[in-house]
Amino acid sequence: MQNPDTASTSFTIRYLSQQGKFPEALSLYVQMHGSGLLPNTFVVSSALKASARILCKVGGVMIHGQVKKLGLCKVVFVQTALVDFYSKIGDMEVARNVFDEITERNMVSWNSILAGYVRCGDLAMAQNLFDEMLVRDVVSWNSMVFGYARGNDMEKACTLFREMPERNPASWNAMIAGYVECGKIEMARSFFDAMPRRNNVSYITMISAYSKYGSVESAIELFNEKGEKDLLLYNAMISSFAQNNRAKEALQLFDEMLQSNANIQPDGMTLTSAISACSQLGDLKFGKWIESYMSKSGIKMDDHLATSLIDLYTKCGHIDKAYDLFHSLQKRDLVAYTAMILGCGINGRAKDAIKLFEEMMNANIIPNQVTFTGILTAYNHVGLVKEGYNCFMSLQKYGLVPTVDHYAIVVDLLGRAGQLEDAYELIKSMHVQPHAGVWGALLLACSLHNNVELAEVAAINLFEEMMNANIIPNQVTFTGQLEDAYELIKSMHVQPHAGVWGALLLACSLHNNVELAEVAAKNCFELEADSSGYHSLLANIYASAGRWDDVKRLRGEIEVKGLAKIHGASWMDCDKAGSIEIN
DNA sequence: ATTGGAGAAG
């Protein structure tokens, strides 16, 4: 009896919905309805599912109206789809009304409303409903376990977990996620180890947990242990590297993913993490590469991507490009404002930073610690001492505790203005351990204003901090105390990394100390696989000392080792961007 | 046909 058009359109809508192409399914449904074709119950439930998944409120409500008109209100599939839709958009009142009208509820009807209560955090209602259920399946149990775990009631979650007659990987994953959320990472790991079948979700949850708690090594271990890796697993590991200041490894893995035989295509999230890594390295070339990649692969610019690009462009001094991106944002949130404020601060655009900060306040967005780092950097850059100091003092108004970095900026600000005693008092008043950067800022200020006494205090503390930390601050480059720095490195309690020797090498190049430069360079070469930067630095030192034979020898070494090329990072070469294949 | 579990930017 059905019109052939209706039949084929219905089929397409159901197919699109099953394929996860929800916007497409929904728009086809609207089109179908607009052309006067009557939808059947199958199409209506598919369209409702689509509306629910993309949280299209008007779409679902509109379909609800049509359902009433068409008299499909008694069909359990339609009713259940409606319950699910209202549950997902958080309108539990309407969801409950529809649910109560269902005369023959099935398992899915119950589970839909149950998940709705769990999602909006109404565990009491969820528990009531759960108790009312005569038959429960593993989905019902999982919803309850998930609810308690997310509410940090692990005891309750655990009790339910032990009681449940049947468990699947999702049950275990809910427990793992719950323990992770309340910081009990060891417990999470125990569940992870104990579960019979770990799936990707289990791995991703543990990897991102380790990432948050700084144990990247454990994350790597799990990542390597997993045989087949999919896009989401790569994303978790890449962002884990990017968030723990391991930018090079993030990009290496990104490259490995592109080159892998599994033919995994990155998505917006992959690119977001990769851009963040590039921003840490100040690699602007990549920004351009990313934009060409996006247009080729059809990855659409979203606010997350734009925000990470803003960060990249500002760090590379392209503030106008960053502004363009900022103006293109759908919604300016805390992170976007902070990236832009920090960007203006770094680039000396204090007025802009202050303007953005005010704009942000007017939009009722609460600043956080990083926002303050940005605004303080701006004040520091233009030497607005009073404003900067007041800003620093206003941190508490937002319930924020100043970080060591905030102190370092303000010490620098006060110090440069010659208020050395104020700076010193501020350091003494700190409730966090001042790191070398704080003392370094004071020492630099003392050297600018010829205050020997305070300089000695600062220097002693600076050296002490450096003994604890695996860094040698750039302040040595100003003071030129190269031998002291060298002795210091030799006395370090921890193994100095390439950056430590690199700082000394740079200082040697500024102060023309060839002998020490050779020692520092040798250590850099040994500690860092890609030592091309250090090679050219040493070559420059030889050149300025007129030791052309050594320059020649070093250039030869560079060529032999092929150091100019960075292995396994083909995308770094923008010219090759066009050669990457995208399906 | 309709239900549950995961990853991002400063």
Side-chain angles (χ1 to χ4, degrees), chain A residues 10 13-14 17-18 40-50 52 75-85 87-88 102 105-116 118-119 137-147 149-150 168-178 180 199-209 211 230-240 242-243 267-277 279-280 302-312 314-315 329 333-343 367-371 373-374:
Chain A
S10 303
I13 291 171
R14 284 171 59 196
S17 176
Q18 277 160 14
N40 58 29
T41 53
F42 288 82
V43 174
V44 165
S45 48
S46 295
L48 276 170
K49 176 185 171 177
V75 183
V76 63
F77 294 117
V78 173
Q79 289 169 305
T80 301
L82 279 168
V83 170
D84 181 54
F85 166 74
S87 291
K88 283 217 171 78
I102 308 175
R105 296 166 196 148
N106 62 25
M107 207 64 242
V108 182
S109 325
W110 283 94
N111 285 341
S112 296
I113 188 108
L114 182 69
V118 166
R119 248 192 307 272
D137 69 359
V138 66
V139 176
S140 340
W141 282 93
N142 283 353
S143 279
M144 289 309 293
V145 171
F146 175 75
R150 211 186 45 175
N168 63 13
S171 332
W172 291 88
N173 291 341
M175 294 298 291
I176 293 172
V180 168
N199 61 15
N200 277 3
V201 179
S202 333
Y203 276 92
I204 291 165
T205 309
M206 280 314 296
I207 286 173
S208 62
S211 164
D230 68 352
L231 173 65
L232 272 59
L233 205 65
Y234 270 109
N235 281 356
M237 196 63 234
I238 292 171
S239 82
S240 176
Q243 289 182 328
D267 64 0
M269 293 184 192
T270 329
L271 299 186
T272 299
S273 293
I275 295 168
S276 161
S279 168
Q280 290 165 34
D302 64 10
D303 283 2
H304 280 299
L305 260 169
T307 304
S308 58
L309 280 170
I310 288 172
D311 179 52
L312 175 67
T314 58
K315 292 227 166 94
L329 291 173
D333 66 359
L334 170 67
V335 185
Y337 268 112
T338 300
M340 205 58 219
I341 290 169
L342 192 61
N368 68 9
Q369 292 178 326
V370 191
T371 322
T373 303

- prompt: Considering only side-chain heavy atoms of A:A339, which listed nucleotide, B:dG5, B:dG7, B:dG10, is closest?
  reply: B:dG10

task: Pick base, sugar-phosphate or nothing for A:L334, based on heavy-atom distances below 4.0 Å to the nucleic acid.
output: base

- request: Establish, with yes or no, whether the OP1 or OP2 oxygen of B:dT2 is under 4.0 angstrom from a side-chain nitrogen or oxygen of A:K88.
  value: no

- prompt: B:dA1, B:dG7, B:dG4: which one has an atom nearest the side-chain heavy atoms of A:L232?
  reply: B:dG7

message: With a 3.5 Å cut-off and heavy atoms only, can you find an N or O donor on one side and an acceptor on the other between the side chain of A:N168 and the base of B:dG5?
response: no

Nucleotide of B:dA6, B:dA1, B:dT3 approaching A:F42 most closely (side-chain heavy atoms): B:dA1

message: Strictly distance-based, threshold 3.5 Å: is any side-chain N or O of A:S240 a donor or acceptor partner for the main-chain N or O of A:A236?
response: no

statement: Taking B:dG7, B:dG4, B:dA9 as options, the one with an atom nearest any side-chain atom of A:H304 is B:dA9

task: Quick one: label A:S239 by what it contacts on the DNA or RNA (base, sugar-phosphate, nothing), any heavy atom closer than 4.0 Å.
output: sugar-phosphate

message: I need the OH-C1' distance between A:Y203 and B:dG7, as an integer number of Å.
response: 17 Å

- request: Return the value, rounded to whole Å, for the distance between atom CG of A:N111 and atom P of B:dG5.
  value: 11 Å

- request: Just call it for A:D311: base, sugar-phosphate, or nothing, with non-hydrogen atoms closer than 4.0 Å on any strand.
  value: sugar-phosphate

- request: Find the distance A:I341:CD1 to B:dG10:P and express it as a whole number of Å.
  value: 15 Å

- prompt: Between B:dA8, B:dG4, B:dG10, which one does the side chain of A:V139 approach most closely?
  reply: B:dG4

- request: Using atom CG of A:N199 as one end and atom C1' of B:dG5 as the other, report the distance to the nearest whole Å.
  value: 8 Å

A:S273 side chain near B:dG7 phosphate (N/O to OP1/OP2, under 4.0 Å): no

message: On the side chain of A:D267, is there an atom forming a donor-acceptor pair with the base of B:dG7 - under 3.5 Å, no angle test?
response: yes

message: From the set B:dA1, B:dT2, B:dG5, return the single nucleotide nearest to any side-chain atom of A:V75.
response: B:dA1

- request: Between B:dA8, B:dT2, B:dA6, spot the one nearest the side chain of A:T205, thanks.
  value: B:dA6

message: Tell me whether the side-chain N/O atoms of A:Q243 come closer than 4.0 Å to OP1 or OP2 in B:dG10.
response: no

- line: Of the candidates B:dT2, B:dA9, B:dG4, the side chain of A:V138 sits closest to B:dG4

message: Please identify which of these residues, A:I176, A:L232, A:N173, meets the side chain to side chain contact (heavy atoms under 4.5 Å, CB included) condition with A:V201.
response: A:N173

query: Between A:S211 and A:I207, is there a donor-acceptor pair closer than 3.5 Å when you use the side chain of the first and the backbone of the second?
result: no

query: What about A:S45: does its side chain form a donor-acceptor pair under 3.5 Å with the base of B:dA1?
result: yes

field: Check: B:dA1 base within 3.5 Å donor-acceptor of A:T41 side chain
entry: yes

- request: May I ask you to say what A:D84 touches in the nucleic acid, namely base, sugar-phosphate or nothing, with a heavy-atom cut-off under 4.0 Å?
  value: sugar-phosphate

- request: Answer yes or no: is there a donor N or O on one side and an acceptor on the other, between the side chain of A:S276 and the main chain of A:T272, under 3.5 Å?
  value: no

message: Can you identify which nucleotide, out of B:dG7, B:dT2, B:dG10, has its nearest atom closest to the A:S276 side chain?
response: B:dG10

- prompt: Once you round it to whole Å, what is the distance between C1' of B:dA9 and CG of A:L305?
  reply: 9 Å

field: Reported CE-to-OG distance for the pair A:M107 and A:S112, which is rounded to 0.5 angstrom
entry: 10.0 Å

query: So, is A:R119 close to the B:dG4 phosphate, meaning a side-chain N or O under 4.0 Å from OP1 or OP2?
result: yes

query: Could you give the distance from NZ (A:K315) to CG (A:D311), rounded to the nearest 0.5 Å?
result: 3.5 Å

field: A:I113 CD1 - B:dT3 P separation (whole Å)
entry: 14 Å

- line: Distance col, row A:T338:OG1 vs A:I341:CD1, nearest 0.5 angstrom, shows 5.5 Å

- request: Could you state the atom-to-atom distance from CD1 of A:I310 to C1' of B:dA9 in whole Å?
  value: 9 Å

field: Residue A:N368, side-chain heavy atoms: nucleotide from B:dT2, B:dA8, B:dG10 that is nearest
entry: B:dG10

message: So A:I204, base contact, sugar-phosphate only, or nothing? Heavy-atom distance under 4.0 Å.
response: base

- prompt: How long is the line joining CG of A:D333 and P of B:dA9, in whole Å?
  reply: 12 Å

